[in-house]
Protein chains: 2
Amino acid sequence: MLRLSTKGQYGVRAMFEIARGYPDKPISIKGIAERQDVSVAYLEQILNKLKNGGLIRSVKGPGGGYVLSKKPADVSISAILNELEGPVAITSCLDPEEGCVRVDGCVTYMLWKSLGEKIDAFLRTVTLKDLASGTLFKKNLKLKIKNSK
Amino acid sequence: MLRLSTKGQYGVRAMFEIARGYPDKPISIKGIAERQDVSVAYLEQILNKLKNGGLIRSVKGPGGGYVLSKKPADVSISAILNELEGPVAITSCLDPEEGCVRVDGCVTYMLWKSLGEKIDAFLRTVTLKDLASGTLFKKNLKLKIKNSK
DNA sequence: GAATACTTGACAATTTTACTAAGGTATTTT
DNA sequence: AAAATACCTTAGTAAAATTGTCAAGTATTC
């Protein structure tokens with residue numbers, strides 16, 4: 001359950017590739033497609049959204065590609081996924097574009113709201129820099145050791 | 001993004017209703033359907049899964065219905081969703097029934113794994129008793145006040 | 001035996017996902 | 001200027017998942 005669409009997954013992986021060229025080496029769709037094993041046509045859709053969201057800018061012509069708008073440490077996974085798939089919304093009640101039909105005291109409303117907030121809080125703490133440096137892996141290891149005591 | 005299916009949502013609401021009859025008053029599908037505004041036929045499917053998972057037991061005949069197998073404080077949201085939709089698996093790599101094609105060092109593997117673990121850890125802490133008592137709401141309020149200082 | 005209520009499996013409509021296709025625009029190099 | 005590179009945009013579509021419905025049971029109680 002709670003599967004993330006491939007669009008979101010590929011988007012994060014593509015942003016990771018683009019981050020590697022920061023600040024001045026544009027990364028082409030073709031290059032990303034090869035290294036991350038995703039079709040060029042599908043990536044075009046994804047990167048277009050990220051560009052419109054202002055997370056990356058494009059450089060046309062030979063030698064062109066995409067460049068991160070901000071430094072990797074300032075680009076969170078939350079920002080990427082928000083642009084591609086909208087905000088976390090466990091239920092339709094919590095989707096700003098939909099809303100709740102059962103306005104009355106729904107017993108689960110707070111549950112899903114809290115869960116969504118926790119998820120987004122986590123995704124905001126992880127950045128492209130963390131992916132590149134493997135920080136996340138280390139953090140996780142530390143936590144495991146701590147817990148096993 | 002990260003929408004939970006209606007099956008999972010209705011399942012939790014149904015379990016909440018059943019919890020209200022614990023330990024000795026069976027709650028009928030019809031009653032749940034009316035109070036939670038879900039069709040009887042759809043609930044049948046859902047409750048059947050929960051029954052096979054051992055979370056509830058059924059009582060046939062007039063006055064029958066479903067009864068919780070354990071006390072509300074021992075039934076976590078995680079257990080309910082696990083039964084209805086399988087474990088949290090943000091990506092197919094992390095689904096025990098699928099697996100990862102890109103076995104090599106995938107940069108995002110740890111990210112999705114950590115997120116999944118965090119989600120499940122939270123869902124394990126919330127029980128049917130919490131839903132009934134509104135504990136979650138109070139916890140959340142406390143947190144907000146703390147943060148706003 | 002009539003009423004209540006759970007049991008089971010099949011199936012169908014709708015929506016979402018996960019792409020592909022095709023043609024266009026902008027920039028650089030030769 | 002022409003060719004090559006690479007981004008840009010919209011439309012369409014097959015497969016899968018979701019979200020149910022339907023029908024024909026079985027078990028229990030009154």
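In what follows, chains are A, B, ... by sequence order, proteins preceding strands, each numbered from 1. These values consider heavy atoms only, across backbone and side chains, with no hydrogens, waters or symmetry-generated copies. Small disclaimer: the values here were computed from a predicted structure and weren't measured.
Comparing dT20(C), dA3(C), dT21(D) by their closest approach to the side chain of Ala41(A) singles out dT20(C).
Regarding contacts with the backbone of dT19(D), a side-chain N or O of Thr6(B) is found under 4.0 angstrom from either OP1 or OP2. The shortest distance between the side-chain N/O atoms of Ser28(B) and the OP1/OP2 oxygens of dT4(C) is not below 4.0 Å. Between dT18(D) and Tyr42(B), no contact under 4.0 Å exists linking OP1 or OP2 to a side-chain N or O. At the phosphate of dT8(C), OP1 or OP2 sits under 4.0 Å from a side-chain N or O atom of Asn48(B). In this model, the phosphate group of dC8(D) is approached by a side-chain N or O of Tyr66(A) to a distance below 4.0 Å at OP1 or OP2. In this structure, Ser58(A) reaches the dC8(D) phosphate: one of its side-chain N or O atoms is under 4.0 Å from OP1 or OP2. Checking the phosphate oxygens (OP1, OP2) of dT5(D), no side-chain nitrogen or oxygen of Lys60(A) falls inside 4.0 Å.
Distance Met1(A) CE to dA17(D) P: 17 Å, rounded to the nearest Å. Between the CD1 atom of Ile18(A) and the P atom of dA6(D) there is a distance of 15 Å, given to the nearest Å. Counting to the nearest Å, the P atom of dC6(C) and the CD1 atom of Ile27(B) are 10 Å from each other. dT10(D) atom C1' lies 13 Å from atom CG of Asn52(A), rounded to whole Å. Between Lys7(B) atom NZ and dT16(C) atom P the separation is 17 Å, expressed in whole Å. Going from atom CG of Leu43(B) over to atom P of dA5(C) covers 15 Å, rounded to whole Å. One can place CD of Gln36(B) at 18 Å from C1' of dG20(D), the figure rounded to the nearest angstrom. Separating the CD atom of Glu34(B) from the C1' atom of dT4(C) is a distance of 14 Å, rounded to the nearest angstrom.
Side-chain atoms of Gln45(A) stay outside donor-acceptor range of the base of dT10(D), with no qualifying N/O pair under 3.5 Å. Side-chain atoms of Gln9(B) and base atoms of dT19(D) include no donor and acceptor less than 3.5 Å apart. You'll find a donor-acceptor pair under 3.5 Å spanning the side chain of Glu44(A) and the base of dC8(D), going by distance alone.
Remark: side-chain polar atoms of Asn82(A) are paired, donor with acceptor, to backbone N or O of Ser78(A) under 3.5 angstrom.
Looking at every heavy atom in both residues, Ile18(A) comes nearest to Tyr66(A) through CG2-O, 3.6 Å. When all heavy atoms of Leu115(B) and Phe122(A) are compared, the pair lying nearest together is CD1-CD2, 3.6 Å.
Ion pairing of Glu17(B) with Arg35(B) is present here, as a side-chain N (NZ or NE/NH1/NH2) and a carboxylate O approach within less than 4.0 Å.
Under 3.5 Å, the side chains of Thr108(B) and Gln9(A) contain no donor-acceptor pair of N or O atoms.
Comparing Gly64(A) and Ser39(B), the nucleotide of DNA chain D nearest to each residue sits closer to the 5' end for Gly64(A).
Heavy atoms of Lys30(B) sit nowhere under 4.0 angstrom from any nucleic acid atom. Note on Ile29(A): only backbone sugar-phosphate atoms sit closer than 4.0 angstrom, heavy atoms only; bases stay farther off.
Within 6.0 Å of CZ on Arg20(B) lie no more than 12 heavy atoms contributed by other residues, nucleotides or ligands.
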